[in-house]
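What follows is one structure encoded as structure tokens, with my remarks underneath.
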Amino acid sequence: MPKINKICCIGAGYVGGPTMSVIADRCPNLIVNVVDVNKERIKSWNSINLENLPIYEPGLSSIIVRCRGKNLFFSTNLEANIASADIVFISVNTPTKKKGLGAGQASDLKWVEKCARQVAQFSRGHTIVVEKSTLPVKTAEVIKEILEASQLSIKGENKKSFDVLSNPEFLSEGTAIRDLEEPDRVLIGGENKEAILALTSIYEEWVPDHKILHTNIWSSELAKITANAFLAQRISSINSIAALCEATGANVGEVARAIGSDKRIGSKFLGSGPGFGGSCFKKDILNLVYLSSYFGLSEVANYWESVVKLNYWHQNRISKLIVKKLFGTISSKKICILGFAFKANTNDTRESSAIKICKDLLEEGAILCIHDPKVKKSQIEYDLGKKSINYTYKGVNDSDLDGNWSFSRSIYEAAVGADALVVLTEWEEYSTIDWKMISDKMRKPAWVFDSRSILVKEKIRGIGLNFWRIGDGENNSI
Ligand code: NAD
Ligand code: UGA
């Protein structure tokens with residue numbers, strides 16, 4: 001088994017950064033280099049002020065303090081760090097293709113392909129190349145082909161050799177460090193036993209043997225997208241039931257508790273919300289849809305596509321419902337949005353339901369005031385495709401402001417003059433709001449919409465605010 005001294009990770013994003021930090025922390029004898037083409041991102045990773053790290057993850061900054069500059073390094077020097085690595089992890093983005101064959105469904109592998117070419121060019125001797133990015137089945141074949149083709153014209157001792165392994169990442173944002181430190185499983189797929197054992201030796205430093213699973217490479221690639229598809233399917237299932245609860249007088253929290261007590265079903269991922277977001281669920285399911293169609297399995301493709309369609313319908317259902325409750329028009333009305341991240345404890349907004357819902361409300365002419373404890377104003381401007389404005393809200397006749405939005409770091413300021421307040425992310429601080437103070441600032445009749453079921457209904461209704469909660473049949477909505 002080759003001895004591993006140095007590893008290099010290409011891609012310093014939401015996966016590369018935390019994953020390599022935990023490896024460096026748990027394997028002090030290993031040198032871990034994380035490289036990225038994005039100079040700004042690398043600068044942020046190296047920032048002395050830990051508030052400036054490019055991603056927010058509980059527990060991450062203390063690892064950075066322990067390891068950065070000792071055995072964990074962030075740089076833009078791909079050439080030197082690939083050259084000195086025994087193992088190169090590919091952890092780059094794999095978004096859905098925007099144009100060409102498979103557009104809208106297949107993953108765009110151009111960044112992965114580029115990495116393979118960079119490894120082919122810069123590596124020395126024998127290198128184990130590990131797929132950390134989530135990839136369609138058979139991508140390892142593409143990587144191998146690129147690596148091998150690069151050696152065809154090379155002779156003698158300059159010839160390099162490679163093994164390709166699949167080692168998908170199952171961390172969730174917001175709990176990334178805990179997920180990495182105590183994973184349910186580590187999955188390694190590959191053909192060459194020596195290479196598999198070399199990668200296993202890294203994880204063995206802190207993960208119990210029985211949690212390290214070895215499979216063939218295609219099972220490993222497929223297991224990753226299947227896991228995400230199953231998780232997302234549960235969310236679409238419970239959100240579909242939430243709509244039925246609202247129509248029938250049932251309560252989705254109670255239904256989830258009742259079905260989740262069945263060990264065969266289990267209680268996790270049964271939280272009804274504003275629809276799943278995040279960079280991966282939609283992308284990975286669409287990838288599965290594309291693969292299924294590619295292999296002629298149209299029923300399988302349709303089955304999985306329905307999970308994404310339901311999610312889209314559900315997000316839309318929430319925006320429509322807000323308009324309906326506010327007498328069918330929200331034009332010139334101020335609506336306060338609490339939470340823009342796709343879930344709590346992350347500053348990530350990729351595919352956040354808040355984007356779709358806010359766009360719908362702006363389209364209807366609402367004046368939004370958006371609050372989020374971690375997301376930057378500039379990120380929201382990018383996501384909504386619209387600059388924020390500073391305004392003093394003067395009331396319903398202020399039609400010049402229709403379809404605009406402002407940003408606030410204070411929930412209480414955001415609520416001034418608002419007709420409605422909509423919770424879209426389950427940030428802890430929203431569950432401790434002083435509702436009396438909020439109520440005094442809102443224009444009546446005022447509504448509170450809780451799409452995350454984190455608020456206490458009695459506290460809000462008791463002080464004269466109207467209250468709607470996802471999947472609560474007592475809403476009398478629809
Ligand atoms: P990201 O966009 O945050 O980071 C990817 C990084 O790769 C970027 O900083 C980009 O500049 C860099 N990059 C791209 N091409 C490069 C190249 N040729 N050389 C050097 N750097 C390059 O993406 P992410 O969220 O970290 O996701 C990465 C992969 O991991 C995706 O396939 C994703 O599906 C998968 N994944 C993500 C999560 C998650 O929670 N975000 C969890 C599990 C798996
Ligand atoms: C998800 C998976 O949970 C990870 O295992 C996987 O590694 C990762 O995708 C990936 O491949 O990128 P993540 O997207 O970070 O992780 O977050 P989740 O906790 O899965 O939440 C995804 C979305 O579902 C969020 O919008 C969340 O609010 C929503 N959700 C989650 C619900 O609406 N209800 C729930 O019960 C759980």
Side-chain angles (χ1 to χ4, degrees), residues 8-20 34-42 44-45 54-55 57 74-79 81-82 88-96 107-119 131-136 139 167-176 179-180 183-185 224-225 227-232 234-239 242 252 256 260 267-284 287 311 314-315 339 341-346 348-354 424-426 451-453 470:
C8 170
C9 175
I10 311 180
Y14 284 86
V15 166
T19 309
M20 293 302 130
V34 188
V35 294
D36 203 295
V37 282
N38 184 332
K39 290 193 184 101
E40 278 307 305
R41 217 168 200 183
I42 291 298
S44 306
W45 278 113
I55 55 182
E57 273 299 336
F74 295 92
S75 99
T76 50
N77 191 342
L78 273 79
E79 179 168 353
N81 288 307
I82 291 174
V88 174
F89 289 85
I90 296 181
S91 188
V92 297
N93 35 320
T94 51
T96 305
S107 286
D108 193 338
L109 297 181
K110 76 175 171 208
W111 292 273
V112 172
E113 207 185 303
K114 189 159 182 213
C115 284
R117 291 181 200 283
Q118 286 162 330
V119 176
E131 297 175 340
K132 189 47 111 179
S133 296
T134 304
L135 298 168
T139 306
N167 172 220
E169 186 46 61
F170 295 100
L171 68 79
S172 291
E173 288 177 31
T175 53
D179 295 342
L180 289 161
D184 286 349
R185 76 312 208 177
K224 171 62 198 174
I225 49 176
N228 275 357
F230 269 57
L231 291 170
R234 273 174 81 94
I235 300 169
S236 277
S237 298
I238 201 69
N239 284 339
V252 75
S267 59
K268 294 193 174 146
F269 268 71
L270 288 180
S272 182
F276 59 77
S279 62
C280 297
F281 277 179
K282 185 170 128 199
K283 156 178 91 69
D284 293 348
N287 199 343
N311 196 49
H314 182 70
Q315 292 167 335
F342 81 97
K343 62 188 253 191
N345 293 322
T346 177
D348 196 350
T349 62
R350 290 178 288 178
E351 296 294 335
S352 176
S353 294
L424 292 181
T425 312
E426 72 282 23
S451 78
R452 293 284 187 171
S453 292
I470 192 95

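All heavy atoms count here, side chains included; hydrogens, waters and symmetry mates do not. Note that ligands are numbered from 1 as they come in the structure, with each ligand's atoms numbered from 1 the same way.
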side-chain contact (heavy atoms from CB on, under 4.5 Å), that's the test. Do Lys114 and Val92 meet it? Break it down for me. CA-CA 10 Å; Lys114 189 159 182 213; Val92 297; over 6 Å; no

What residue and heavy atom of the protein are closest to [atom], and at what distance?
atom	result
atom 38 (C) of ligand 1	Val15 CG2, 3.2 Å
atom 10 (C) of ligand 1	Asp36 OD1, 3.4 Å
atom 19 (N) of ligand 1	Ile10 CG2, 3.4 Å
atom 25 (O) of ligand 1	Arg350 NH2, 2.9 Å
atom 1 (P) of ligand 1	Arg41 NH1, 3.6 Å
atom 15 (O) of ligand 2	Glu173 N, 2.7 Å
atom 29 (C) of ligand 1	Val92 O, 3.3 Å
atom 43 (C) of ligand 1	Glu169 O, 3.2 Å
atom 17 (C) of ligand 1	Gln118 OE1, 3.9 Å
atom 22 (C) of ligand 2	Phe281 CE1, 3.6 Å

Heavy-atom nearest option to [atom], drawn from [options]:
atom	options	value
atom 4 (C) of ligand 2	Ile225, Thr175, Leu270, Leu171	Leu171
atom 19 (O) of ligand 2	Lys282, Glu426, Lys343	Lys343
atom 35 (C) of ligand 1	Ile225, Thr134, Asn93	Thr134

Mind checking whether [X] and [Y] have side chains closer than 4.5 Å, heavy atoms only?
X	Y	value
Ile10	Lys132	no
Phe342	Asp348	yes
Trp45	Val34	no
Ile82	Gln118	yes
Thr19	Phe89	no
Trp111	Pro95	yes
Ser91	Met20	no
Leu424	Ser451	yes

Can you name the atoms of ligand 1, numbered from 1 with element, that are less than 4.0 Å from a heavy atom of [X]?
X	result
Ser279	41 (N)
Tyr14	3 (O), 24 (P), 25 (O), 26 (O), 41 (N)
Leu78	19 (N), 20 (C)
Ser91	5 (C), 28 (C)
Trp111	14 (C), 15 (N)
Leu171	40 (O), 42 (C)
Lys224	43 (C)
Asn38	11 (O)

For ligand 2, is there an N or O atom under 3.5 Å from any N or O atom of [X]?
X	result
Arg452	yes
Gly271	yes
Ser279	no
Phe342	yes
Ile235	no
Phe170	yes

Gap between atom CZ of Arg350 and atom NZ of Lys282 - 0.5 Å precision: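 Here the rounded value is 13.0 Å.
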
If I take atom CD from residue Glu57 and atom OH from residue Tyr14, how far apart are they, to the nearest 0.5 angstrom?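 Nearest 0.5 Å value for the CD-OH distance: 8.5 Å.
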
Measure from the side-chain N and O atoms of [X] to the backbone N and O of [Y], and report whether any donor-acceptor pair falls under 3.5 Å.
X	Y	answer
Asp284	Asn228	no
Thr94	Thr134	yes
Asp179	Ser172	yes

Pair Glu131 + Lys224: basic N to acidic O under 4.0 Å: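 Judged by the 4.0 Å cut-off on N to carboxylate O distance, Glu131 and Lys224 do not form a salt bridge.
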
What atoms of ligand 2 come closer than 4.0 angstrom to any heavy atom of [X]?
X	answer
Cys280	10 (C), 11 (O), 12 (O)
Glu169	7 (O)
Ser172	2 (C), 3 (O), 4 (C), 5 (O), 15 (O), 16 (O)
Lys224	6 (C), 7 (O), 10 (C), 11 (O)

Sub-3.5 Å N/O-N/O distance, Asp284 and ligand 1: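 Checking ligand 1 against Asp284, no N or O pair falls under 3.5 Å apart.
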
If you measure every N/O of Glu173 against every N/O of ligand 1, is any gap under 3.5 Å?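 Among all N and O atoms of Glu173, at least one is under 3.5 Å from an N or O of ligand 1.
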
Of Thr346, Asn345, Val15, Ile55, which is the lone residue that meets side-chain contact (heavy atoms from CB on, under 4.5 Å) with Glu173?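 When side-chain contact (heavy atoms from CB on, under 4.5 Å) is applied between Glu173 and each of Thr346, Asn345, Val15, Ile55, only Thr346 qualifies.
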
As a quick check of understanding, evaluate side-chain contact (heavy atoms from CB on, under 4.5 Å) for Glu169 and Leu180, giving each step before the final call. CA-CA 9 Å; Glu169 186 46 61; Leu180 289 161; 3.5 Å; yes

Steps toward side-chain contact (heavy atoms from CB on, under 4.5 Å) verdict (Ile470, His314): CA-CA 11 Å; Ile470 192 95; His314 182 70; 3.7 Å; yes

Proximity to ligand 1 by part of Glu40, non-hydrogen separation under 4.0 Å: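 None of Glu40 does.
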
Is it the side chain (CB and beyond), the backbone, both or neither of Ser133 that lies under 4.0 Å from ligand 1, heavy atoms counted?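 Both backbone and side chain of Ser133 come within 4.0 Å of ligand 1.
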
Test item, Lys268 contacting ligand 2 (heavy atom, 4.0 angstrom):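 Contact absent.
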
Can Leu270 and Arg234 be said to form a side-chain contact (heavy atoms from CB on, under 4.5 Å), step by step? CA-CA 7 Å; Leu270 288 180; Arg234 273 174 81 94; 3.4 Å; yes

Without hydrogens or angle criteria, can the side chains of Asn81 and Ser75 be said to hold a donor-acceptor pair below 3.5 Å?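 A donor-acceptor contact under 3.5 Å links the two side chains.
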
